[in-house]
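Worksheet for the structure shown next.
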Amino acid sequence: MDGRMSSHTTRARSESMGLSAEALRELESAYGISIAATVQRRTVIGLCAENGHCYMWKEVSQRESEERLADLREVLVALEGNHIRVAPPIANRFGRVRVYLPSANASGFLQPWLAGRHANYNDLQETVRVIKEVARMHRTLSADEWRNRRTLTRGHLRQRLQNKRRALEVIWRTAVVSYPSLATIEPVCRQRMDTVLAAYSTSLAQMSVWPMSFCHRDLAPHNVLLNTRGEVQLIDFDQAGLDDPLHDILQILNHVIFLHPLRPGELRELVDVYVESGQLSKARSRMLWRLLSWPENLGRSLVEWAKRGYSQEDLPRVSFAVQKEMARFRLLATDSPRLG
């Protein structure tokens with residue numbers, strides 16, 4: 001969340017921001033604090049206590065169990081202990097993480113406010129810092145210590161790819177009719193998805209233990225902050241869990257490919273940073289390159305287009321995504337190693 005809360009943003013405004021004065025009193029009782037100011041952010045509410053400490057109120061769905069939140073808190077505290085900047089949920093006065101506010105009929109938790117600005121994936125040097133920190137998180141928390149925490153298991157990268165492939169199989173039929181230009185790129189995208197799935201499944205079948213680590217699983221720029229010292233801070237672990245660590249680096253690189261007009265050699269530079277920082281084997285490095293050929297940005301655009309009923313107003317976005325996938329194909333032709 002960018003910046004700090006303004007001192008003039010007072011409790012009197014809180015009701016219009018999502019928490020009534022009564023709900024704030026319930027929070028004060030649960031955590032033993034006195035709230036002096038509040039401010040609404042994108043998906044959370046900032047709170048400033050009279051003792052000078054600032055917090056975020058993060059609302060969670062009814063499906064989010066106390067057990068998962070407690071496990072997640074333990075993982076994030078472990079990351080903090082290894083000097084990785086995160087914001088673990090704060091235990092309330094009763095030693096629990098989840099707090100229910102009767103007046104708002106809402107559940108959630110408080111976490112420390114991390115001040116900073118969103119990461120800029122258009123800045124390659126800044127992106128390098130993010131990649132190194134994410135790789136350090138993967139090395140710090142291997143899956144071995146957490147495999148028995150069932151709440152931290154939320155699907156695997158292969159399952160996600162399979163689901164995306166099935167969804168696109170249905171969407172293509174209508175999408176091509178609504179936007180005939182997709183027909184030129186459709187066969188290439190289908191072939192690449194099938195090749196990636198086959199190679200990834202074969203790779204996993206050959207492993208005695210699947211590659212797993214604690215992963216963020218939602219590393220869009222707005223979930224990565226840089227403070228005034230340029231230090232990377234990771235926030236919003238809603239989707240976090242045990243997964244193939246390649247999941248996280250793929251998300252970062254796909255955002256970069258979409259946002260930044262990469263020149264030949266720049267994608268290889270970013271991949272090499274993760275390979276070195278994450279201490280990847282040659283086989284895993286090759287798998288990362290294969291996964292990068294998945295048409296992620298176009299697939300996401302088509303899914304969003306389908307949800308909006310294939311509106312003609314969205315065609316410029318789809319066209320832009322097609323251009324980005326064509327740029328990806330050209331970039332891989334120059335940057336990726338021969339994979340055989």
Side-chain angles (χ1 to χ4, degrees), residues 1-6 17-19 27 31 38-49 53-61 64 68-92 97-99 106-123 126-138 140-141 151-152 154 213-243 245 247-256 259:
M1 311 314 126
D2 304 331
R4 302 291 290 184
M5 287 178 282
S6 302
M17 292 180 174
L19 282 182
L27 267 180
Y31 287 96
T38 66
V39 63
Q40 179 74 55
R41 308 306 288 176
R42 194 170 66 94
T43 58
V44 293
I45 295 175
L47 307 169
C48 192
H53 293 162
C54 294
Y55 309 95
M56 286 291 185
W57 164 252
K58 175 77 174 180
E59 191 169 325
V60 297
S61 71
E64 196 71 284
R68 172 171 163 81
L69 292 175
D71 286 345
L72 188 59
R73 179 177 187 275
E74 189 174 351
V75 173
L76 296 182
V77 168
L79 287 176
E80 263 195 336
N82 284 275
H83 309 291
I84 295 174
R85 295 166 186 83
V86 293
I90 298 170
N92 59 41
V97 176
R98 186 187 179 108
V99 170
S107 295
F109 56 84
L110 285 188
Q111 62 187 51
W113 174 299
L114 296 181
R117 60 171 177 80
H118 296 155
N120 178 12
Y121 286 174
N122 277 315
D123 184 329
E126 191 163 299
T127 305
V128 165
R129 292 206 297 273
V130 174
I131 290 173
K132 287 182 176 179
E133 192 68 359
V134 169
R136 192 162 74 89
M137 178 182 73
H138 293 159
T140 298
L141 289 184
T151 66
L152 298 179
R154 288 201 155 184
S213 182
F214 180 75
C215 299
H216 186 285
R217 295 172 25 115
D218 190 15
L219 284 171
H222 61 262
N223 286 332
V224 182
L225 302 180
L226 278 85
N227 62 24
T228 55
R229 296 184 295 277
E231 297 166 331
V232 175
Q233 305 174 127
L234 304 177
I235 62 171
D236 200 350
F237 282 80
D238 290 4
Q239 305 300 321
L242 299 179
D243 202 344
H247 193 157
D248 279 348
I249 184 61
L250 280 170
Q251 287 187 321
I252 295 173
L253 295 177
N254 279 320
H255 275 95
V256 173
L259 296 170

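Bear in mind the structure is a predicted one, so any value in this text is a computation, not a measurement.
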Exercise. Mind checking whether N227 and L114 have side chains closer than 4.5 Å, heavy atoms only?
Worked result: no
Problem set entry | Worked check of salt bridge (charged side-chain N to carboxylate O under 4.0 Å, His left out) between K58 and D236 | CA-CA 9 Å; K58 175 77 174 180; D236 200 350; 3.2 Å; yes
For this session: Report the C-alpha separation of I45 and M56 in whole Å, then their side-chain angles, then the decisive distance to 0.1 Å, and conclude whether the side-chain contact (heavy atoms from CB on, under 4.5 Å) test is met.
Result: CA-CA 6 Å; I45 295 175; M56 286 291 185; over 6 Å; no
For this session: Work out which heavy atom in Y121 is nearest to a heavy atom in P221; give both atom names and the distance.
Result: CD1-CG, 3.5 Å
Problem set entry | Min side-chain heavy-atom separation C215-H138 under 4.5 Å | yes
Exercise. Less than 4.5 Å apart, any side-chain heavy atom of V224 and any of E133?
Worked result: no
Exercise. Can R217 and D238 be counted as an ion pair, charged N to O under 4.0 angstrom?
Worked result: no
Problem set entry | Backbone of V44 reached by a side-chain donor or acceptor of Q40 within 3.5 Å | yes
Exercise. Do L19 and W57 come within less than 4.5 Å of each other through their side chains, counting heavy atoms only?
Worked result: yes
Exercise. Should the pair R117-E126 be classified as a salt bridge under the 4.0 Å nitrogen-to-oxygen rule?
Worked result: yes
Problem set entry | Side-chain (Q233) to main-chain (A115) donor-acceptor, under 3.5 angstrom | yes
Exercise. To the nearest 0.5 Å, what is the distance between CG (L259) and CG (N120)?
Worked result: 8.5 Å
Exercise. Can you find a pair of side-chain heavy atoms, one from V86 and one from I84, that are under 4.5 Å apart?
Worked result: yes
Exercise. Atom CG of L219 and atom CD1 of I131: how far apart are they, to the nearest 0.5 Å?
Worked result: 10.5 Å
Seminar exercise, completed: d(L72 CG, F214 CZ) to nearest 0.5 Å is 5.0 Å
For this session: Nearest 0.5 Å please: distance from the OG1 atom of T38 over to the CG atom of L27.
Result: 10.5 Å
Exercise. T140 and R136: side-chain contact (heavy atoms from CB on, under 4.5 Å), yes or no, with the steps?
Worked result: CA-CA 6 Å; T140 298; R136 192 162 74 89; 4.2 Å; yes
Seminar exercise, completed: Looking only at heavy atoms, the pair that brings A119 and V130 closest together is CB-CG2, 4.3 Å
Exercise. Roughly how far apart are H83 NE2 and E231 CD, rounded to 0.5 Å?
Worked result: 11.5 Å
For this session: Output, in order, the C-alpha distance, side-chain angles, deciding distance and verdict of side-chain contact (heavy atoms from CB on, under 4.5 Å) for K132 and V232.
Result: CA-CA 9 Å; K132 287 182 176 179; V232 175; over 6 Å; no
Exercise. So do F109 and V99 actually touch side chain to side chain, heavy atoms under 4.5 Å?
Worked result: no
Exercise. Would a distance-only check, ignoring hydrogens and angles, find a side-chain to backbone donor-acceptor pair under 3.5 Å from Q251 to D218?
Worked result: yes
Exercise. Do you know which two heavy atoms are closest between P112 and P88, and how far apart they sit?
Worked result: CD-O, 3.2 Å
Exercise. Is there a donor-acceptor contact under 3.5 Å linking the side chains of H216 and N223?
Worked result: no
Problem set entry | Gap separating the CG atom of L141 from the CG atom of L242, nearest 0.5 angstrom | 9.5 Å
For this session: Could you walk me through whether I249 and V134 pass the side-chain contact (heavy atoms from CB on, under 4.5 Å) test, one step at a time?
Result: CA-CA 8 Å; I249 184 61; V134 169; 5.9 Å; no
For this session: Answer yes or no: is there a side-chain heavy-atom contact under 4.5 Å between S107 and E59?
Result: no
For this session: Check for a donor-acceptor pair, side chain of Y31 on one end and backbone N or O of L110 on the other, with a separation under 3.5 Å.
Result: yes
Exercise. With a 4.5 Å heavy-atom cut-off, do D71 and R68 have their side chains touching?
Worked result: no
